[in-house]
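Numbers here simply count residues along the sequence, with the first being 1.
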Amino acid sequence: MRIKLIFLTFCTSTILILFLIILKPDYANNDIKLKLKFSHNVSHINNLPSIIKLIIEPNCDPNLVVWIVTSSASNYLYRTTLRHAYPSELLKNMNITRIFLLGRPKEKGAWNNISNESKEHNDLLQGDFLDSYQNLTLKHLMGLRWASSKCNATFLIKSDDDIVIDIFEILKLVGEKKIEENALSGYVLTKMKPVRILNNKWFVTEGEFPYDVYPDFLSGWFYVTSLKVAQLLVRTSENFKNLFWIDDVFITGILREKCDIKLEMLNDFYATDYRYLECCIRDKKRKLKCEFIAGPDGGKKELHIKFKLFSEYCQWNCSKRMKEQLVSKTCVSAYEETINIVNSTSQVHFI
């Protein structure tokens, strides 16, 4: 009886050991899958070289502010409009260096145009990567890296070429120390969720970003920070094997969180619709300043020039609006609206 019990115990133990040996690879694979799934190296872009090869590199004069503008290689008219709105001589007097960020154009015929444009204006920074929406993170990082390593400046402004900004009021905020040097200041987006709808422009797979909510980040429309912060973000990006393709989420969200950099909210200074800026301009005769310093141009390139002329006039001739005079409350085109800002793109639905 005792021999039978020992034999039964031996058989049971052997079967159990064999069973565990068979299952062990699956447990290991599952563990690896979990580690991969929750790795911070989510991406849509392959490895970023330590130094992005530059095709065109401008000079960077010592100034208080360096202003980098994300621009499509084919957006010559936008760059021309911005140069008319804020000529280089004016910016020089304001201690600002402005540079446009470009990639390689898809059209071969555009190469000569870009080369000539660079020779004439010396304000293009072009990287050796395809100028595409999926490469915006590369373009954005290229601008931060170049500015933080080549420019003798204190502050950095980042904007898109279709975003109207009031550079006069922005400089006032900087001068009055209302912009923190150790923070990222702009339109703060919180608790934003990745879009999982297949045909959506912002569709993100779980492989690209496995979490349910993005870290808090800034709209890529326009933000202000210091070159010290820009340098820290660039250095931190070099620890990532891959880069997430939505640039503002990656740089002002994922990288910022890794660096423990705080966000400073300037949401009240942003117009969500270009018509608010037009209402400000129409109010010039009332000599009232606009409460907004940034907003979309609505595809109207001329709005950059008109708003600049208005804000320049108001530096000396306009007074601050009282609460009851705010454009958001008094604009003729004031709308009841629901705003859904997805990954730095404002989608305004009018009811």
Side-chain angles (χ1 to χ4, degrees), residues 22-50 52 70 103 127 129-145 158 160 183-184 186-221 223 225 229-265 267 338-347:
I22 292 168
L23 286 183
K24 188 175 179 182
D26 289 333
Y27 285 132
N29 286 338
N30 286 338
D31 186 53
I32 290 169
K33 286 176 185 176
L34 286 173
K35 285 180 180 176
L36 285 173
K37 182 178 179 182
F38 293 100
S39 165
H40 64 257
N41 295 329
V42 289
S43 76
H44 220 241
I45 299 174
N46 291 327
N47 293 347
L48 171 73
S50 295
I52 298 171
T70 302
F129 52 83
L130 185 64
D131 199 304
S132 68
Y133 196 81
Q134 295 294 330
N135 281 338
L136 274 179
T137 296
L138 282 177
K139 186 182 286 187
H140 195 154
L141 277 174
M142 174 186 72
L144 295 182
R145 176 180 283 118
K158 187 271 176 188
D160 293 338
L184 282 158
Y187 196 108
V188 179
L189 297 163
T190 61
K191 298 179 181 177
M192 300 298 295
K193 296 183 178 182
V195 176
R196 304 297 191 194
I197 303 168
L198 187 59
N199 293 325
N200 192 287
K201 177 182 178 180
W202 304 103
F203 171 66
V204 171
T205 68
E206 289 192 3
E208 292 168 341
F209 190 86
Y211 309 106
D212 293 330
V213 179
Y214 289 131
D216 292 350
F217 65 99
L218 295 180
S219 163
W221 282 5
Y223 69 78
T225 190
V229 168
Q231 192 173 45
L232 182 57
L233 290 169
V234 170
R235 282 205 308 265
T236 305
S237 73
E238 292 168 359
N239 297 324
F240 281 68
K241 292 179 183 178
N242 298 293
L243 308 178
F244 186 48
W245 63 279
I246 302 178
D247 64 315
D248 43 10
V249 173
F250 180 68
I251 292 169
T252 69
I254 297 170
L255 286 184
R256 174 201 61 78
E257 196 172 62
K258 288 287 177 186
C259 300
D260 198 26
I261 298 166
K262 70 176 181 178
L263 294 176
E264 184 180 20
M265 186 176 286
N267 294 25
T338 57
I339 303 170
N340 178 28
I341 299 182
V342 181
N343 306 331
S344 85
T345 295
S346 176
Q347 298 175 340

What closest approach, in Å, do [X] and [Y] show between heavy atoms, and which atom pair accounts for it?
X	Y	result
Gly220	Lys158	O-NZ, 2.7 Å
Leu144	Ala230	CD2-CB, 4.1 Å
Leu243	Ser237	CD2-O, 4.4 Å
Val204	Pro194	CB-CB, 4.3 Å
Ile251	Thr137	CD1-O, 4.3 Å
Pro210	Arg196	C-NH2, 4.2 Å

Is any side-chain N of the basic residue among Asp260 and Lys262 closer than 4.0 Å to the acidic one's carboxylate O? no

With a 4.0 Å cut-off on N to O distance, would you call Lys191 and Asp216 a salt bridge? no

Within the structure provided, determine whether [X] and [Y] are in side-chain contact (heavy-atom separation under 4.5 Å).
X	Y	answer
Leu184	Arg256	yes
Leu233	Ile261	yes
Lys201	Asn199	no

With sequence neighbours left out, what residues match Ile197 under side-chain contact (heavy atoms from CB on, under 4.5 Å)? Val195, Asn200

Which residues pass the side-chain contact (heavy atoms from CB on, under 4.5 Å) test with Gln231, not counting sequence neighbours? Ser148, Arg235

Give the C-alpha distance, both sets of side-chain angles, the deciding distance and a yes or no for side-chain contact (heavy atoms from CB on, under 4.5 Å) between Leu136 and Trp245. CA-CA 7 Å; Leu136 274 179; Trp245 63 279; over 6 Å; no

Measuring from atom [atom1] of [X] to atom [atom2] of [Y], what distance do you get when rounded to the nearest 0.5 angstrom?
X	Y	atom1	atom2	value
Ile254	Thr236	CD1	OG1	12.5 Å
Glu257	Leu255	CD	CG	10.5 Å
Arg145	Glu238	CZ	CD	5.0 Å
Met192	Phe217	CE	CZ	5.5 Å
Met142	Asn135	CE	CG	10.5 Å

Would you say the ring centers of Tyr187 and Tyr223 fall short of 6.0 Å from each other? no

Pair Tyr133 + Trp202: ring centers closer than 6.0 Å: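 For Tyr133 and Trp202, the ring centres are under 6.0 Å apart.
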
When Asp131, Asp160, Asp247 are each screened for salt bridge (charged side-chain N to carboxylate O under 4.0 Å, His left out) with Lys139, the one that passes is Asp131

Given Phe250 and Phe240, is the side-chain contact (heavy atoms from CB on, under 4.5 Å) satisfied, shown in steps? CA-CA 11 Å; Phe250 180 68; Phe240 281 68; 3.8 Å; yes

Going through the checks in order, is the side-chain contact (heavy atoms from CB on, under 4.5 Å) test met by Leu218 and Asp248? CA-CA 6 Å; Leu218 295 180; Asp248 43 10; 6.0 Å; no

